[in-house]
Amino acid sequence: MIGSGLKVTNYCAIFAARIKEMEKLLRSGIREAVRSLYGVNANDDLLQIQKTRREFEGDFTLVAFPLARLSHRSPEQTAGEIGEYLVREIDAIDGYNVIKGFLNLVIAPAEWSRRLDAMHADDAYGFAGAGPDAETVIIEYSSPNTNKPLHLGHIRNNLLGWSLARICSAAGKKVIRTNIVNDRGIHICKSMLAWQLYGNGRTPATEGKKGDHFVGDYYVLFEQKLKEQIKPLVDAGTSPEEARENAPLMQEARQLLKKWEEGDRETLELWQMMNSWVYEGFDVTYRALGVEFDRIYYESDTYKVGKEIVLRSLEEGHLIRKDDGSVWIDLTADKLDMKLLLRSDGTAVYMTQDLGTAVLRYNDYHFDRHIYVVGNEQNYHFQVLALTLLRMGFEWAKGLHHFSYGMVELPEGKMKSREGTVVDADDLIAGMTATATTMSQELGKLGGYSTGERENICRQIGLGALKYFILKVDPKKNMTFNPKESIDFNGNTGPFIQYTYARIRSVMKKAEEMGVRSVSDRNEKIIPNPKEISVISLLNDFHLLVPEAARELSPALIANYCYDLAREFNQFYHDYSILGEENESLRSFRLRLSELTGRVLEKGLFLLGIEAPERM
RNA sequence: GGUUCCGUAGCUCAGUUGGAUAGAGCAACAGCCUUCUAAGCUGUGGGUCGAGCGUUCGAGUCGCUCCGGAAUCACCA
């Protein structure tokens, strides 16, 4: 047997260093081959190496077409000659075949087994630590208004932001998760006014209601009452826009906003009280979704900074003041428009506070990159924001990046609050958990567990289904959510991946009971079968996948990878016995393969913000 | 009208810097539990990759034109 665990690790680390560079090894080998065979140096972008497609024999494929130019031979002949050379010169390459100019290379199966050991020995496999000179990335997400509870659109936003933060961290960046709360403005004044008029002192506590829903109800009530006031005016011949502006309720709301901006104590107290109700409600939703922030900014603070910056920039001559006193930036030279930065009455607009927030954050963190997770309806806004900051002389604004994602739509189209089709976040989360519970019962799972354990597992599964459903699709595309057909738990879903993980955990527990060890024995030579090799090969992709996902800012890449890995493992699991294998070394090897798959699935799910249940 | 994004199987979606015969899941049908969890595995059918032209040895992927859809172009946020 083996001496100490430490020795095993060292032994494996050597191979980790060597085999991690498997693709590099191939590259240098091919470059060498080209030099030796044709007497020329192959430019790196001519060496196109990819994984061999399933239907052909081999592990890696070199596309020989580009090299045919150097060899002055047909792609087929070039591929054949290079293949010949590689098999002769590189131990790890066992064989090759050529099909239509594609050189398929077969890696020695034993090499895969060594690669597995190397990955298995590395607890941090796939995740990079943040070094002292790591890039600092701010990720802003969520960004709610304080007049309404969160809905499905916010869920997509929060899940994307949270996952991006984890992916960037795993890729070795220093990440600051932040939120900007739109806590001031006419919208919250509407809720405040409605509560003053019709609330009769009710509170979330007296009504037994979540604070955000409670306040949201008054916002809806305001709009209802306003509509009642508008109707007679319109009937009397006023235009709808004018009627809306002139309705007494609207006037009162504006007055309340004015009082707020003047710092009226009573108004501020009401504002604070109602916002605190909303925050309590948001906290519950955030906790249910499993998202957190390192730092929260409030528009009520940042809009002042924004105003100062605009005024200073005006003095510096970057901006224009019109006759009515309003302040603008002229972006027509960049094919954009004139953009308002301060109203004629001196008050701030949306852009003003975003300018302030950006500057505050730069002063706070000196970020290299600032990622805004905000829907694609604001593409124009963020174009203007970055350009305006640059014009104002803030060079760091080059690091601003709008992570623009698509809308979540219903089969009938957009969610509309007027038609009551908005999918509430809390309802949806509760619904998913309920579905998971029903399904679990129908399948006869989770017998013998306590109620608390059962509830927790069903919660994990329900949320896993929801999160995966949302994160697996390309963020920039609009996506459809059909509330009638509940989200699936079979096939390409979160629970499928969770289930694969739970099965592996179950095997691990049983292995422990049986006393089967997963450590490798360096004296044994394992020749993995093709199914095992496909799993190892996928596991090997993971260390390249994480930086790739960080570069592309793509949780979908991680999600789809997890699915592929789980599917591949399930086939292996189905076809071969792990603990039932009689050959001791092979049994241990399969256990390592399973354990590492479990760890990688867990990490992948972690990057998506999905919990991995030990059993289900 | 300007700008940006999207269009792949009945439905929901993948498809790496352009590479081989475009892939999954759902739904439908047919199988597989005495064996490590059947939320699993296997098989069958299903496609003019919106249309056309171009670049290329090679285009779902790049360019242009058109068709269809979405967003945006507020002294709203």
Side-chain angles (χ1 to χ4, degrees), chain A residues 45 48 50-56 61 63-66 68-69 74-75 99-102 104 143 145 182 185-187 299 322 324-328 335-337 339-345 347 349-351 353-354 375-381 383-384 404 406-407 409 411 413-414 436 439-440 442-443 445 461 465 469 472-474 476-482 485 487-493 495-500 502-511 514 544-545 548 552 556-557 559-560 563-564 566-567 570-571 573-581 590-591 594 615-616:
Chain A
D45 58 341
Q48 293 182 30
Q50 53 200 245
K51 293 188 78 174
T52 301
R53 293 181 58 131
R54 191 166 291 279
E55 58 265 38
F56 303 104
T61 295
V63 184
F65 291 90
R69 270 171 235 149
S74 72
I99 297 168
K100 297 196 335 193
F102 293 88
N104 300 321
S143 315
N145 289 348
N182 283 318
I186 192 73
H187 57 85
E299 185 188 336
K322 287 197 179 170
D324 62 4
S326 57
V327 179
W328 300 72
K335 290 182 192 158
L336 299 174
D337 299 311
K339 187 75 190 174
L340 178 84
L341 299 181
L342 282 178
R343 296 195 184 95
S344 50
D345 63 3
T347 57
V349 291
Y350 181 48
M351 184 60 71
Q353 66 90 15
D354 257 357
N376 61 13
E377 74 238 353
Q378 295 193 31
N379 287 353
Y380 180 72
H381 173 78
Q383 236 181 309
V384 171
S404 165
M407 302 286 98
E409 289 169 352
K414 284 184 74 173
M439 200 158 286
S440 162
E442 277 171 11
L443 291 168
K445 303 267 177 179
I461 296 168
F469 178 82
K472 76 170 180 189
V473 329
D474 181 352
K476 69 172 178 285
K477 289 184 179 173
N478 287 0
M479 62 180 293
T480 310
F481 173 77
N482 190 341
E485 301 168 16
I487 291 172
D488 264 309
F489 287 68
N490 300 316
N492 188 356
T493 66
F496 172 90
I497 298 162
Q498 291 174 313
Y499 177 70
T500 308
R503 284 219 290 208
I504 291 171
R505 292 306 303 156
S506 175
V507 171
M508 297 314 297
K509 263 170 254 163
K510 189 160 182 198
M514 290 169 59
L544 297 171
L545 178 80
E548 168 80 4
E552 301 279 321
L557 226 47
N560 289 303
Y563 175 65
D564 286 340
R567 198 160 47 108
N570 279 331
Q571 288 167 10
Y573 180 93
H574 180 266
D575 291 349
Y576 301 97
S577 182
I578 299 160
L579 299 174
E581 171 56 45
R590 286 189 180 156
L591 197 58
S594 307
R615 56 205 172 198
M616 63 186 272

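Per chain, numbering begins at 1; letters A, B, ... match sequence-line order.
Ring-to-base geometry does not place Phe496(A) in a stacked arrangement with A39(B) (centre distance under 5.5 Å, plane angle under 30° required).
Regarding contacts with the backbone of G25(B), every side-chain N or O of Lys472(A) stays at 4.0 angstrom or more from both OP1 and OP2. At A24(B), none of the side-chain N or O atoms of Asn492(A) fall inside 4.0 Å of OP1 or OP2 (strictly under the cut-off). The side chain of Arg53(A) contributes an N or O atom lying less than 4.0 Å from OP1 or OP2 of G23(B). Here Gln571(A) reaches the OP1 or OP2 of U42(B): one of its side-chain N or O atoms lies under 4.0 Å away. Contact annotation: Lys339(A) side-chain N/O to C73(B) OP1/OP2 distance is not under 4.0 Å.
In terms of polar N and O atoms assigned as donor or acceptor, the side chain of Asn104(A) comes within less than 3.5 Å of the base of A20(B) in a complementary pairing. For A39(B), the base has no donor-acceptor partner in the side chain of Thr500(A) [N/O atoms by modelled type, under 3.5 angstrom].
With its glycosidic angle within 90° of 0, C33(B) adopts the syn conformation.
Listed by chain and residue number, Glu409(A) satisfy the side-chain hydrogen bond (donor to acceptor under 3.5 Å, both in side chains) test with Asn478(A) (two or more places apart in sequence, or in another chain). Partners of Lys414(A) according to the salt bridge (charged side-chain N to carboxylate O under 4.0 Å, His left out) rule, which considers only residues two or more places apart in sequence or in another chain, do not exist here. With sequence neighbours left out, Arg343(A) forms a salt bridge (charged side-chain N to carboxylate O under 4.0 Å, His left out) with no residue at all.
Only the P atoms considered, G52(B) is 14 Å distant from A59(B), to the nearest whole Å. The same atom, C1', is picked in A24(B) and in U42(B); the two are 15 Å apart, to the nearest Å.
Between the side chains of Asn379(A) and Ser404(A), a donor-acceptor pair is found at a separation under 3.5 Å.
In this structure, Phe56(A) places its CZ atom 11 Å from P of A22(B), rounding to the nearest Å. Atom CH2 of Trp328(A) and atom P of A74(B) are 8 Å apart (whole Å). We find that CG of Asp337(A) is positioned 17 Å from P of G1(B), with the value rounded to whole Å. In this structure, Arg567(A) places its CZ atom 12 Å from P of G40(B), rounding to the nearest Å. U61(B) atom C1' lies 14 Å from atom CD of Glu552(A), rounded to whole Å.
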With pairs defined as Watson-Crick or G-U wobble and both distances under 3.5 angstrom, please note down RNA chain B as a dot-bracket string, | for pairing with another strand.
(((((((..((((.....[...)))).(((((.......))))).....(((((..]....))))))))))))....
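The listed nucleotides are A77(B), G25(B), A39(B); the one nearest the side chain of His381(A) is A77(B).
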Contact letters for nucleotides 2-9 of chain B, in which S counts primed atoms plus P, OP1 and OP2 and B counts the base, heavy atoms under 4.0 Å:
--SSSS--
With the sugar-phosphate defined as primed atoms, P, OP1 and OP2, and the base as all remaining atoms, what B/S/- string results for nucleotides 33-38 of chain B, 5' to 3', for protein heavy atoms under 4.0 Å?
---BBS
